[in-house]
Amino acid sequence: MVKYFLGQSVLRSSWDQVFAAFWQRYPNPYSKHVLTEDIVHREVTPDQKLLSRRLLTKTNRMPRWAERLFPANVAHSVYILEDSIVDPQNQTMTTFTWNINHARLMVVEERCVYCVNSDNSGWTEIRREAWVSSSLFGVSRAVQEFGLARFKSNVTKTMKGFEYILAKLQGEAPSKTLVETAKEAKEKAKETALAATEKAKDLANKAATKQQSKQQLL
């Protein structure tokens, strides 16, 4: 049994811009789970296609119930191979990724196709497929469910990271991260609370002064 995912996303940037951002998208505030990236092979084919292979290291946090079943080092990191084929003539880029360790626990294979959006030539469309499998007897279904949920969460982070890098490359102010927004909101709430406290003290002092004045008149 394999869990399958199919999704489609649109980046409001041209294919050329997305292609450039693809190689520069790490690090970004949404990719803290990506620890390292290295190009292990690259070549240009006779028909002018760019072939690349990269090795990525990512954190590999397991669900708590699974951490009790496996050694602690299993949860530390996972190695990902990423093969890509870039066809500049047809403006398509296809990537294939899969993990090369912890394969008995879970294998996540992903295929993405980046192409010009059919409705707007200035936008880029991403068609994403993923297959999540596990060969662990008795708990494979639970592992697959967890893997699929985490994959969907990482897709959201990937798209936000892409948008962040594209904004930087285009000279725009990148959107603030959720952490930054929450921090600013917290600071603003503190300032508002402090201002309210000071105002309340001021009103109390004025009321006390007024009451003292009344008593003196009496």
Side-chain angles (χ1 to χ4, degrees), residues 5 7-44 49-62 73-88 91-103 106-115 123-132 146-183:
F5 172 86
Q8 188 168 307
S9 307
V10 173
L11 289 168
R12 297 187 178 187
S13 298
S14 68
W15 184 88
D16 290 338
Q17 292 170 330
V18 171
F19 167 65
F22 178 81
W23 306 107
Q24 303 178 57
R25 70 188 192 277
Y26 302 128
N28 68 70
Y30 302 95
S31 67
K32 293 181 180 179
H33 63 294
V34 180
L35 306 178
T36 64
E37 57 171 335
D38 297 283
I39 297 174
V40 295
H41 177 75
R42 176 162 285 171
E43 67 173 293
V44 178
K49 293 179 181 177
L50 175 65
L51 307 183
S52 302
R53 169 167 285 188
R54 296 199 300 174
L55 176 64
L56 306 173
T57 307
K58 301 183 181 182
T59 56
N60 184 43
R61 185 70 178 179
M62 293 195 305
N73 64 330
V74 171
H76 289 172
S77 60
V78 60
Y79 300 112
I80 307 290
L81 274 182
E82 174 195 85
D83 285 349
S84 60
I85 305 171
V86 180
D87 184 350
Q91 291 189 307
T92 63
M93 176 170 62
T94 304
T95 64
F96 305 90
T97 61
W98 67 98
N99 58 295
I100 57 176
N101 64 333
H102 309 323
M106 180 170 60
V107 175
V108 180
E109 300 170 283
E110 179 191 50
R111 180 179 185 269
C112 292
V113 178
Y114 300 74
C115 60
W123 294 357
T124 303
E125 182 178 303
I126 306 174
R127 186 177 189 273
R128 190 186 309 271
E129 292 180 278
W131 298 263
V132 182
F146 169 78
L148 183 62
R150 185 171 62 182
F151 178 83
K152 291 178 180 179
S153 174
N154 285 341
V155 167
T156 301
K157 294 177 183 177
T158 296
M159 295 304 297
K160 288 184 177 295
F162 239 129
E163 291 167 354
Y164 181 91
I165 295 300
L166 283 165
K168 287 187 67 175
L169 293 179
Q170 295 167 20
E172 302 172 4
S175 301
K176 294 176 183 177
T177 65
L178 292 176
V179 173
E180 292 170 338
T181 302
K183 186 177 180 180

For Phe162 and Val18, run side chain to side chain contact (heavy atoms under 4.5 Å, CB included): C-alpha distance rounded to whole Å, both residues' side-chain angles, the deciding distance at 0.1 Å, then the answer. CA-CA 8 Å; Phe162 239 129; Val18 171; 4.0 Å; yes
Run the side chain to side chain donor-acceptor pair (under 3.5 Å) check on Ser13 and Gln170 step by step: do they pass? CA-CA 10 Å; Ser13 298; Gln170 295 167 20; 3.1 Å; yes
Report the C-alpha separation of Trp131 and Val108 in whole Å, then their side-chain angles, then the decisive distance to 0.1 Å, and conclude whether the side chain to side chain contact (heavy atoms under 4.5 Å, CB included) test is met. CA-CA 6 Å; Trp131 298 263; Val108 180; over 6 Å; no
Decide side chain to side chain contact (heavy atoms under 4.5 Å, CB included) for Arg53 and Leu81; before the verdict, give the C-alpha distance in whole Å, the side-chain angles of both, and the deciding distance to 0.1 Å. CA-CA 7 Å; Arg53 169 167 285 188; Leu81 274 182; 4.0 Å; yes
Starting from the C-alpha separation in whole Å, work towards a yes-or-no answer on side chain to side chain contact (heavy atoms under 4.5 Å, CB included) for Gln8 and Ile126. CA-CA 6 Å; Gln8 188 168 307; Ile126 306 174; over 6 Å; no
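Side-chain contact between Glu109 and Thr97 is absent, with no heavy-atom pair separated by less than 4.5 Å. Using a 4.5 Å heavy-atom threshold, the side chains of Tyr114 and Thr95 count as touching. Within the 4.5 Å cutoff, the side chain of Thr92 has no heavy atoms near those of the Val86 side chain.
Separation of atoms CE (Met159) and CG (Leu166) is listed at 9.0 Å; rounding is to 0.5 Å. Here Ile85 contributes atom CD1 and Lys49 contributes atom NZ; the two are 7.0 Å apart, rounded to the nearest 0.5 Å. Atom CE of Met93 and atom OG1 of Thr124 lie 8.5 Å apart (nearest 0.5 Å). Interatomic distance, OG of Ser153 versus CG of Leu148, reported as 11.5 Å (0.5 Å rounding). Here the straight-line distance linking atom CG of Leu56 with atom OG1 of Thr36 works out to 7.0 Å at 0.5 Å rounding. With values rounded to the nearest 0.5 angstrom, Thr156 atom OG1 is found 11.5 Å from Tyr30 atom OH.
In terms of heavy-atom proximity, Gln91 sits nearest to Trp15 at O-NE1, 3.2 Å. Pairing each heavy atom of Thr59 with each of Val78, the nearest pair is O-CG1, 4.1 Å. Residues Arg12 and Trp123 come closest through the heavy atom pair CA-CD1, 3.5 Å. What you find for Leu11 and Glu163 is that their closest heavy atoms are CD2-CG, 3.8 Å. Residues Arg128 and Thr158 approach most closely at NH2-CG2, 4.5 Å, considering heavy atoms. Scanning all heavy atoms of the two residues, the minimum distance from Leu169 to Gln24 falls at CD2-OE1, 3.6 Å.
With Ser31 contributing its side chain and Pro27 its backbone, the two residues share no donor-acceptor pair below 3.5 Å. With hydrogens and angles ignored, the 3.5 Å screen pairs a side-chain donor or acceptor of His102 with a backbone N or O of Ser77. Panel note: side chain Asn99, backbone Met106; a donor-acceptor pair is recorded below 3.5 Å. When atom types are taken as modelled, the side chain of Arg150 and the backbone of Gly147 share no donor-acceptor pair closer than 3.5 angstrom.
Between Trp23 and Phe19, the angle of the ring planes goes over 60°, which puts this pair in the perpendicular group of the 30/60° scheme.
A salt bridge is defined here as a Lys NZ or Arg NE, NH1 or NH2 lying under 4.0 Å from an Asp or Glu carboxylate O, and Glu82 with Arg42 fails to meet this definition. For the pair Arg127 and Glu125, the salt-bridge criterion is not met [side-chain N within less than 4.0 Å of a carboxylate O].
Cation-pi geometry between Arg54 and Phe22 is met: under 6.0 angstrom from the ring centre, within 45 degrees of the axis.
Atom OH of Tyr79 is surrounded by 12 or fewer heavy atoms from other residues, nucleotides or ligands within 6.0 Å.
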